[in-house]
*Asks:* 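Please see the structure below; I have some questions.
Remember, predicted model here, so these are calculated numbers, not experimental data.
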Amino acid sequence: MGVMFQAFYWDCPKEENCENQWWTLVKSKLPELASAGITALWLPPANKAAYWKSMGYDPYDYYDLGEFDQKGGVPTWFGTKDELLDLIKSAHGLGMQVYADLVFNHNSGADEQELNPIDKQMRWTKFSPKSGKFPRDWKCFHPNQYETWDEGQFEGMPDICHRMPYVYTELINYARWLLEEVGFDGFRYDMVKGYGGWMVRSIQELRALRGRESFKPYAVGECWDSDRTIGEWLDETNAWSDNPVGAFDFPLRWRLRDLCDGYGFSLRTLAEHGVLVWNRPGQAVTFVENHDVVRDTPITNDKLLAYAFILTHEGYPCVFWQDYFNWNLAQPGSQNGIDALIKVHEQNAAGQAKVLFADDNLYIMQRAGAGGKPGLVFVLNNSSNWNGAEVLTQWHDMHLVPAAWYSRADQSRPQEKHSGDSGRVDFWAPPRGYVVYVPE
């Protein structure tokens, strides 16, 4: 599926000293990202929020992408509408897709309070956006005549009611506008536990038109929960859908955090089910950090071990901006960073993943290869010394070379290997490190 890139982090316009200029900064990074092998960008919510210095997760005017003077200014914190359109066009020109962050569980920044006649409470639910599109009042929120409540209230913000016919129709029209006129190729659905999966399915069944060509939007949902709950959400959302949505693999992320930061972590755990990448690999979007978890439970040690896992295994891997740019894990021009792993992913990572060996300190996985990609072997070592084992691979009389490797203790090039007639190979990895072998 390629490699997704989360092109933002929390308060990034302020942290990078480019308020109102984030879209321009991202555009300047596109050639570098495309050259590395990134195939899709996930952008932050592009709409005008309750205040212009906002990450967009408190939406006010869905159709103001930095065009109208409201909530503190014309541009959003990320820039103007024209700059966003230019970014999307430039990304498309380099062969990259662009995904919008769709936030419609809640709203904020209403213009007036109203009395809700259902429960006689005053709430900020009167929205009169300057775009003139999708104005809202109390009937668009919980409680109303169509639904009194749901489970997805967020930080006290007015909770949108998707069962209200006007709201449902407006959100479908908004999604179509983002795809057809703005140019997005798909969506990241924010806080999907806050509304029914049928709402996501309705959008995913859209057939957007650009010119005379139609396409199905890609999508991934943020269901921040256990593997079981995520699976239930996927089942509900994708029932009878001809364009199923994926989900972020939060359970895998917790394992990867324990791998990198937890003392005595057993590598046997990496082979166990209970994560999407093993249970539902075709719907798993794997990641190491995102804008939320990095502020809550960041990974602080040997993060490249986690990136090596997601960029060699099944699933759709997502690389995080701060890891790549701010914390210098890209390591362009070397075999020891994210760039080398992306190259391996794009050239070799295909076919079913099969664990060939796993104990407390050593893990060896083989990708079978498919579609012209020859496959790979991933060797991960959690001990303080070089460690290895002999395994039976699928290759006979094949030369295998290290394509990516890392260890804080020893970054020397690992030995090349030969499978021989039997297909057996003695694979080793450096202390607290990994090696990715590919057939030559």
*Asks:* With no hydrogens and no angle check, do the side chains of Gln97 and Tyr99 hold a donor and an acceptor under 3.5 Å apart?
*Replies:* yes

*Asks:* Between Asp410 and Arg432, is the closest basic N to carboxylate O distance under 4.0 Å?
*Replies:*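 No, no charged N to carboxylate O under 4.0 Å.
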
*Asks:* Identify whether the distance between the nearest side-chain nitrogen and carboxylate oxygen of Asp64 and Lys48 falls below 4.0 Å.
*Replies:* yes

*Asks:* Between Glu236 and Arg201, does at least one N-O distance fall below 4.0 Å, as a salt bridge requires?
*Replies:* no

*Asks:* With Lys29 as the cation and Phe325 as the aromatic partner, state whether NZ or CZ is under 6.0 Å from the six-membered ring centre and within 45° of the axis.
*Replies:*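 That pair qualifies as a cation-pi contact.
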
*Asks:* Parallel, tilted or perpendicular: which fits the ring planes of Tyr174 and Tyr62, with parallel below 30° and perpendicular above 60°?
*Replies:*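 Geometry flag for Tyr62 against Tyr174: tilted rings.
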
*Asks:* In a table with atom names and distances, give each donor-acceptor pair under 3.5 Å that connects a side chain of residues 32-47 to protein atoms at least two apart or in another chain.
*Replies:*
from, atom 1, to, atom 2, distance (Å)
Thr39, OG1, Val3, N, 2.8
Thr39, OG1, Val3, O, 3.1
Trp42, NE1, Asp101, OD2, 3.0

*Asks:* What are the two closest heavy atoms between Pro217 and Phe187, and how far apart are they?
*Replies:*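 Closest approach of Pro217 to Phe187: CB-CE1, 4.2 Å.
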
*Asks:* With sequence neighbours left out, what residues match Phe357 under ring-ring contact (aromatic ring centres under 6.0 Å, His included)?
*Replies:* none

*Asks:* Considering only NZ, NE, NH1 and NH2 on the basic side and carboxylate oxygens on the acidic side, decide whether Lys53 and Glu19 come within less than 4.0 Å.
*Replies:*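 Result for this pair is yes, salt bridge flagged.
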
*Asks:* Does the side chain of Lys303 come within less than 4.5 Å of Glu289's, by heavy atoms?
*Replies:* yes

*Asks:* So His291 and Phe8, would you call those rings parallel, tilted or perpendicular, with 30° and 60° as cut-offs?
*Replies:*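 The arrangement is tilted - the two ring planes meet at 30° to 60°.
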
*Asks:* Counting distance only, does the side-chain N/O of Ser54 pair as donor-acceptor with the main-chain N or O of Ala50 below 3.5 Å?
*Replies:*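 Such a contact is absent between Ser54 side chain and Ala50 backbone.
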
*Asks:* Answer yes if the ring centres of Tyr363 and Tyr434 are under 6.0 angstrom apart, and no otherwise.
*Replies:* no

*Asks:* Assess whether a salt bridge exists between Asp242 and Arg207, defined as any Lys/Arg side-chain N lying under 4.0 Å from an Asp/Glu carboxylate O.
*Replies:*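 The answer is yes: the pair qualifies as a salt bridge.
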
*Asks:* Hydrogens and angles aside, do His399 and Tyr437 bring a side-chain donor and acceptor to less than 3.5 Å of each other?
*Replies:* no

*Asks:* Looking at Glu272 and Arg268, does any basic side-chain N land under 4.0 Å from a carboxylate oxygen?
*Replies:*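 Answer for the salt bridge query: no.
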
*Asks:* If you draw a 6.0 Å radius around CG in Asn17, do more than 12 non-hydrogen atoms from other residues or ligands fall strictly inside?
*Replies:*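 Atom CG in Asn17 is not packed in, count stays at 12 or less.
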
*Asks:* Does a donor on one side chain and an acceptor on the other come within less than 3.5 Å for Asp421 and His396?
*Replies:* no

*Asks:* Any carboxylate oxygen within less than 4.0 angstrom of a Lys/Arg side-chain nitrogen, looking at Lys27 and Glu83?
*Replies:*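 Looking at Lys27 and Glu83, the cut-off is not met.
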
*Asks:* Taking the six-membered ring of Tyr51, is NZ or CZ of Lys71 closer than 6.0 Å to its centre and within 45° of its axis?
*Replies:* no

